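A short worksheet on the structure shown next.
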Amino acid sequence: MLKKELNIYTFGDLLEHYPHRHIDKTKLSKIGEINLHTEFIQVAGKLVHTEIIGERRAKRLVAQLKDDTGVLELAWFQGINWVQKSLTPGMSYLVFGRTGFFNGRPQIVHPEIEPYVPAQAKGKAFLEPVYPATEKLKARGLNGRQLGKLTYQLLTQIRPEDLPENIPDAIRISLKLMPRYEAIRAIHFPADPAQYQQALHRLKFEELFMAQVRLNLVRIQRHRASKGVVFEKVGDYFNAFYNQYLPFELTGAQKRVLREIRTDTARGHQMNRLLQGDVGSGKTMVALLSMLLAADNSYQSCMMAPTEILAQQHYTGLSELLKEMPVEIALLTGSTKAAERKKILKGLREDTIHFVVGTHAVIEDTVQFKNLGLVIVDEQHRFGVAQRAKLWEKAAVPPHVLVMTATPIPRTLAMTAYGDLDYSVMDELPPGRQPVTTVHRSEMARANVMDFVKTEITKGRQAYFIYPLIEESEKLSYEDLMQGYEQVKSFFPEPAYRISMVHGRQPQEQKDTNMQRFVSGDTQIMVSTTVIEVGVNVPNATVMVIESAEKFGLSQLHQLRGRVGRGSEKSFCILLTGSRASKEARERIKIMCATNDGFRIAEKDLELRGPGDIEGTRQSGALNFKVASIVNDKELLEKARAAAEKLCEEDNELKMAKNLILKAYLQSQPQKNGWGKIS
Ligand code: ADP
Ligand code: MG
């Protein structure tokens, strides 16, 4: 039962099933005291009635609990039959839960409930742990409190040596952390709130520290052990391009990152670098120069983009930049025709193609390289550990990997989900960029917005209209987009105005043509869904109108906005919303209007959404913390990171006597998904 419901298999698991809160059992409230401000409450009373009511999703078990001051309604939506069987009307029960109001009456949904024994309320523990338990377990008589009793019994039989310390003494003492044995006892049965806080602090640190040690070991061991191809020299390809065809002076940040890449790739160890740069910071040029460096050392490069449009654009852009250079470059995507594909595969096998640009198609098993030395993953920090591992199989010696993020990610996330990578930041935009002015307008102001767009177009500029892509309902998105298109057309009639439209349902050729017409300036307006979200580069576009902006996430809005403000002209982003935006949506829009700084926006995004929702991190396994939170425990994470880094630099095999307890602990723990192993 415990196994199935809570994933508890061993005594150790039971001890690590921490309470989600403690309650003061000596405190019993009256039902009459419940008001709108009450949060959690514990009351005792007689159960007067139980009944299953409602249909389907609204089907629920309701019960009334009565004391001498009033009646409290209890409701269950799950495990209804189980719960009903276990309750006896007429008996007294002790009830705990979060209160709410339903039809004006106080109610607790899914309360914790157990037969009330008056003496029990004066239990000896001041703070009693309450554990997460499921309705099924509760129905079998094993509720959160019973779990507490089990844990209590277990703890009475356990000796300090059963829960040995796992953080090296020097670190534990300098950070004033409670010993492990004490902490585990105290998290369940603290003497007082202060002791509980100390225990929690210790266990949070432990969790973060262990994760950081693992990540650092992976990183350092790869540096020391894993062979990488060596890019010995900067040669003709790089120099010729740099001296003759580079269209602008590199920014300081671009130069710095290139130096980092140069150092990484010359050492003989595999590079695994995450390049974080804000939208428009010029990551593509860094990628190109790195590929030229690979070519100078007789290695092929591959560049992966998240969408066909972007792959296409990179291909066009790079081909243009490299047109005077003796470099063979190919485009490989899902829609590459069979004959063309065959030719490209041959070219890659025989090393007649230097660079291949593409979508995920380029890492399929059928794609084999003669001499792959560098892989660049563009605009996509979603590229996980597993996918990286796949690349390593493409060559006897694994290629260098440079992952470039689509938008900045918060430092805490970079340290956890991507903590096994080396890390570069480009925090400087090319000179001459003007910040994009962002405003929020309601649907009511649409006519004004259209007039504004018209003046920009009259000045020779171009504009985007972006519609949300509703993942669950492709049909709805499509209809919205079509309606939007008609509306835009009515404000901007042909032939004076020309409009491109791009969306996911179009065949590739049509997408390409429409995109190309906008890029070349043949059309002045681009109506599209978020397919143009990342990377698209049309410097003459100065206005972006985002329709139903409340439906977009923060990083998505930032990424979209990055499509304007790419030239020297002043640019604008107009966030249009209906009147019914949620509080959180309004918060997002406020942030967008307040700042252009992607790093700040990323932090805010994490705060608003929590790490679980940040794209691509859920399955990473690196964020499954039990007690720690990368949002609320930033400082502790920094400390854990620093301590782990220092320790791993000094002893990357955990051989020193002082680190043996740590090694023993890590070896005893099951490996989390995709994390490196310790020898
Ligand atoms: P992102 O980092 O978002 O991928 P891009 O690589 O698409 O940004 O670059 C954005 C624009 O800035 C492009 O038009 C590019 O040519 C230009 N750019 C890049 N580096 C520089 C530079 N050092 N000076 C001027 N313009 C630059
Ligand atoms: Mg880019």
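Numbers here are sequence positions counted from 1. This one's a predicted model, so the numbers in the text were calculated from it and none came from an experiment. Order of appearance sets the numbers: ligands from 1, and atoms from 1 within every ligand.
Glu249 counts as a contact of ligand 1, since one of its heavy atoms falls under 4.0 Å from the ligand. In this structure, Arg433 has a heavy atom closer than 4.0 Å to ligand 1. Within the 4.0 Å heavy-atom cutoff, Ser281 counts among the residues contacting ligand 1. Using a 4.0 Å heavy-atom cutoff, Gly280 is listed among the residues neighbouring ligand 1.
Listed by number with element, the atoms of ligand 1 under 4.0 Å from a non-hydrogen atom of Asn537 are 13 (C), 14 (O). Shown in contact with Leu250 at under 4.0 Å from a heavy atom are these atoms of ligand 1, numbered in order with element: 23 (N). Which parts of ligand 1 touch Val279 is read off a 4.0 Å heavy-atom cut-off, strictly below it: atoms 3 (O). Applying the 4.0 Å criterion to heavy atoms of Thr251 picks out, from ligand 1, the atoms 23 (N).
Taking distance alone, with nitrogen or oxygen atoms compared against 3.5 Å, Gly282 approaches ligand 1 more closely than that limit.
Here the side chains of Leu288 and Leu318 are in contact, with some heavy-atom distance below 4.5 Å. Considering only heavy atoms from C-beta on, Glu587 comes within 4.5 Å of Leu608 through its side chain. No side-chain heavy atom of Val357 sits less than 4.5 Å from a side-chain heavy atom of Val362.
When non-hydrogen atoms are compared, ligand 1 lies under 4.0 Å from the side chain of Gln254 (C-beta onward) but not from its backbone. Heavy atoms from both the backbone and the side chain of Thr284 come within less than 4.0 Å of ligand 1.
Between the side chain of Arg256 and the main chain of Val425, a donor-acceptor pair closer than 3.5 Å is present.
With sequence neighbours excluded, the residues satisfying salt bridge (charged side-chain N to carboxylate O under 4.0 Å, His left out) with Lys634 are Glu603.
Under the 4.0 Å criterion applied to side-chain N and carboxylate O atoms, Arg588 and Glu584 are assigned as salt-bridge partners.
Residue pairs meeting the ring-ring contact (aromatic ring centres under 6.0 Å, His included) criterion with at least one partner in residues 245-292, sequence neighbours excluded, are absent.
Between Tyr299 and Phe231, the ring planes lie tilted relative to each other; the angle falls in the 30° to 60° range.
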